[in-house]
*Asks:* 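Okay, handing you the structure first.
For clarity, every value in this text was computed on a predicted model and none was experimentally measured. Just so you know, these numbers use all the heavy atoms, side chains as well, and skip hydrogens, waters and symmetry mates.
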Amino acid sequence: MRLLIDHATVVVSGTKIAAELGSSRSEVWRLVQQLRDLGVGIAGYPSTGYSLKAMPDLLLPDILTPLLQGTIFSKHIHHYYKIGSTNQAAMEAASAGAPEGSVFVAEQQTAGRGRGGNSWHSARSEGIYCSVILRPALPPSDALILSLAAGLAVQAAVLEADSRVVPDLKWPNDVLVGDKKLCGILTEMNAEVTRVRHVVVGIGINVNQAGFPAELQTSATSLRLTTGSEWSRVDLCAALLKSLDREYRGLLGNAAAAASVLQRFQENSSWVRGRQVMIEENGGFEGLTEGLDERGFLRVRTEKGIRTVLSGTVREK
C-alpha cells in the first residue's frame, strides 16, 4: 500500500514492486488480489503494472497520521488487517508500557468484544474498530467519565461528517440512531486502589454495512443504512480521534470539565431523563430515569425511591 500511495499518479511495474518488497511478481499479484478483496481500487495493466484508482479507505497509519497532527493520537498508530480484538491488543500493549495515545485499528475483528462479554459484529473494512490507550490522573471511581466523553466524541464526529444524522447517547456506552445501535464503547481499566494505571477505550462504529446478520437486524444500524450512501471511514476515524483528543485534554486540564461532560451527555441523550426503563441488575428493577449523579452514574426513580445504577444493562420498558 505504501508503494502504491507513494506512486499514486503513475503505473508501478510488478517487477519494481517485487524488488522493493524482496519478493516475486507472483507474490505481488497475490497481494494485489488481497487488497482488492478489501475494497482497494487497484487498476492492472498487462505488461505494465499497477496503479491506484483512488486513495484507499483503509485506516492505515500513513493515511491517518497527517490528519491527526496536534493530537495525542498521531504518533503511535497500529493497523491490522485482521485481529482478534483491538481492545485486547491495546490492553496487552498498555501493560507492556505502550505510551499514552497509542491507537489500535483493524479492518476486521474475529473476536470483537462489547460490554458484559457480548461479541461485536466486525465486518471486514465496513466499520471502525478502534482502541486507544489513555493514562489519566484519575481515581478509578471517576473512570466512567471517560466512557461518557467517548460517546460525546462519537456523536460530534458523526455530526461533523453529516449534520443530518443526529445520534442519541444511551447510558453508559451506546450510540444510537433511531433506537438502533450505531456504536458501542468498551472501556477497560487497570488500576490500583487510588489511581488508574491505564485505560483502554474501545470504539466500534457501524459505518458502511449494507446489512446485518438476522439476529442483529432489529437492533443494529449503520451510517450507510441511515443515509443511503457510503461514508469515508478514514475521514470519520480522523474526526473521531480529534474529537476524543479534545474531550480528553479538556478533562485533564480543567477541573470543571467533568461537570461539562455530564451536562452535555444529559443534553444529548433521550435516555437519561424521563425514560421508563428496565435495569437488568441485582435481579432487575424498573423505573423512570432521573439524570446522572455527580460521578456519571444513572439515577432511576422507582416505587421505593431513587436508585443509582452502577452497572447493568438498561432497556426501554
Side-chain angles (χ1 to χ4, degrees), residues 1-68 76-90 103-113 119-131 202-214 216 220 222-225 227-238 240-241:
M1 275 310 313
R2 186 176 294 114
L3 278 168
L4 290 172
I5 291 171
D6 288 346
H7 300 84
T9 60
V10 298
V11 176
V12 188
S13 72
T15 302
K16 176 179 175 59
I17 296 174
E20 292 277 355
L21 296 178
S23 184
S24 65
R25 289 186 64 179
S26 61
E27 175 69 5
V28 169
W29 181 87
R30 188 183 67 82
L31 294 172
V32 167
Q33 295 307 117
Q34 286 188 342
L35 289 171
R36 285 170 172 165
D37 288 343
L38 287 165
V40 180
I42 300 176
Y45 303 92
S47 304
T48 306
Y50 304 96
S51 67
L52 283 176
K53 295 179 181 178
M55 286 298 286
D57 193 33
L58 298 177
L59 305 179
L60 300 172
D62 288 355
I63 297 176
L64 286 173
T65 295
L67 303 176
L68 296 174
H76 303 280
I77 302 174
H78 306 272
H79 173 268
Y80 304 87
Y81 284 100
K82 181 186 289 188
I83 196 174
S85 161
T86 58
N87 253 45
Q88 184 64 35
V103 179
F104 297 77
V105 290
E107 299 301 319
Q108 181 181 11
Q109 294 184 117
T110 58
R113 294 183 290 125
S119 63
W120 182 263
H121 179 67
S122 307
R124 185 174 63 186
S125 297
E126 292 183 351
I128 292 174
Y129 319 118
C130 174
S131 299
I203 300 173
I205 306 177
N206 299 327
V207 183
N208 286 324
Q209 288 89 339
F212 290 91
L216 297 176
S222 70
L223 292 169
R224 179 178 177 178
L225 289 172
T227 63
S229 58
E230 289 197 9
W231 288 49
S232 166
R233 293 186 309 131
V234 168
D235 290 345
L236 184 61
C237 188
L240 167 65
L241 291 172

*Asks:* Less than 3.5 Å apart, any donor N or O on the side chain of Q33 or R36 sitting next to an acceptor on the other?
*Replies:* yes
*Asks:* Contact between S125 and L58 at the side-chain level, heavy atoms closer than 4.5 Å - yes or no?
*Replies:*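 A side-chain contact under 4.5 Å exists here.
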*Asks:* Say whether, by atom type as modelled, one donor and one acceptor occur between the side chain of S222 and the main chain of Q209 under 3.5 angstrom.
*Replies:*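 Judged by distance alone, yes, a pair lies under 3.5 Å.
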*Asks:* Would you check if L67 and V234 make a side-chain contact, meaning some heavy-atom pair closer than 4.5 Å?
*Replies:* yes
*Asks:* So, E107 and R233, do they make that salt bridge, N to O below 4.0 Å?
*Replies:* yes
*Asks:* What is the distance from atom CG of L64 to atom CG of L241, rounded to the nearest 0.5 Å?
*Replies:*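 Atom-to-atom, L64:CG and L241:CG are 7.0 Å apart.
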*Asks:* Between Y129 and I203, is a side chain to side chain contact (heavy atoms under 4.5 Å, CB included) present by the stated rule, with each step listed?
*Replies:* CA-CA 6 Å; Y129 319 118; I203 300 173; over 6 Å; no
*Asks:* What's the separation between atom CG in D57 and atom CD1 in I63, rounded to the nearest 0.5 Å?
*Replies:* 8.0 Å
*Asks:* What's the shortest heavy-atom distance between S131 and A90, and which atoms?
*Replies:* CB-CB, 4.0 Å
*Asks:* Please check this pair: side chain of S51 against backbone of V11, looking for a donor-acceptor N/O pair closer than 3.5 Å.
*Replies:*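 Pair absent, no side-chain N/O of S51 close to backbone of V11.
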*Asks:* Is Y45 reaching over with its side chain to a backbone N or O of A43, donor-acceptor style, under 3.5 angstrom?
*Replies:* no
*Asks:* Considering only heavy atoms from C-beta outward, does the side chain of L68 approach that of V103 to under 4.5 Å?
*Replies:* no
*Asks:* When rounded to the nearest 0.5 angstrom, what is the spacing between CG in N208 and CD in E126?
*Replies:* 7.0 Å
*Asks:* What's the separation between atom OH in Y80 and atom CG in L59, rounded to the nearest 0.5 Å?
*Replies:*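 One gets 13.5 Å once the value is rounded to the nearest 0.5 Å.
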*Asks:* Using the side chain to side chain contact (heavy atoms under 4.5 Å, CB included) rule, take I83 and T110 through it: C-alpha gap first, then chi angles, then the decisive distance, then the call.
*Replies:* CA-CA 6 Å; I83 196 174; T110 58; over 6 Å; no
*Asks:* Looking only at non-hydrogen atoms, find the nearest pair between A111 and S85 and report the distance.
*Replies:* O-CB, 3.5 Å
*Asks:* As an exercise, state the distance from CG of L60 to OG1 of T65, rounded to the nearest 0.5 Å.
*Replies:* 10.0 Å
*Asks:* Would you say L52 and P56 make side-chain contact, with heavy atoms under 4.5 Å?
*Replies:* yes
*Asks:* When you measure from the side chain of T48 to the backbone of P46, do you find a donor-acceptor pair of N or O atoms at a distance under 3.5 Å?
*Replies:*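 Yes.
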*Asks:* Minimum heavy-atom separation for G14 to Y50, with atom names?
*Replies:*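 Scanning both residues, the minimum pair turns out to be CA-CE1, 4.2 Å.
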*Asks:* Could you walk me through whether T86 and V105 pass the side chain to side chain contact (heavy atoms under 4.5 Å, CB included) test, one step at a time?
*Replies:* CA-CA 6 Å; T86 58; V105 290; 5.8 Å; no
*Asks:* Using only heavy-atom distances, determine whether the side chains of S13 and T15 contain a donor-acceptor pair under 3.5 Å.
*Replies:*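 The criterion, which ignores hydrogens and geometry beyond distance, is not satisfied for T15 and S13.
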*Asks:* Does L3 reach the side chain of L21, with side-chain heavy atoms less than 4.5 Å apart?
*Replies:*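 They are in side-chain contact.
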*Asks:* Set out, in order, the CA-CA distance, both residues' side-chain angles and the distance that settles side chain to side chain contact (heavy atoms under 4.5 Å, CB included) for L35 and M1, then state yes or no.
*Replies:* CA-CA 8 Å; L35 289 171; M1 275 310 313; 3.8 Å; yes
*Asks:* What distance separates W231 CH2 from N206 CG, expressed to the nearest 0.5 Å?
*Replies:*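 Reported value, rounded in 0.5 Å steps: 12.5 Å.
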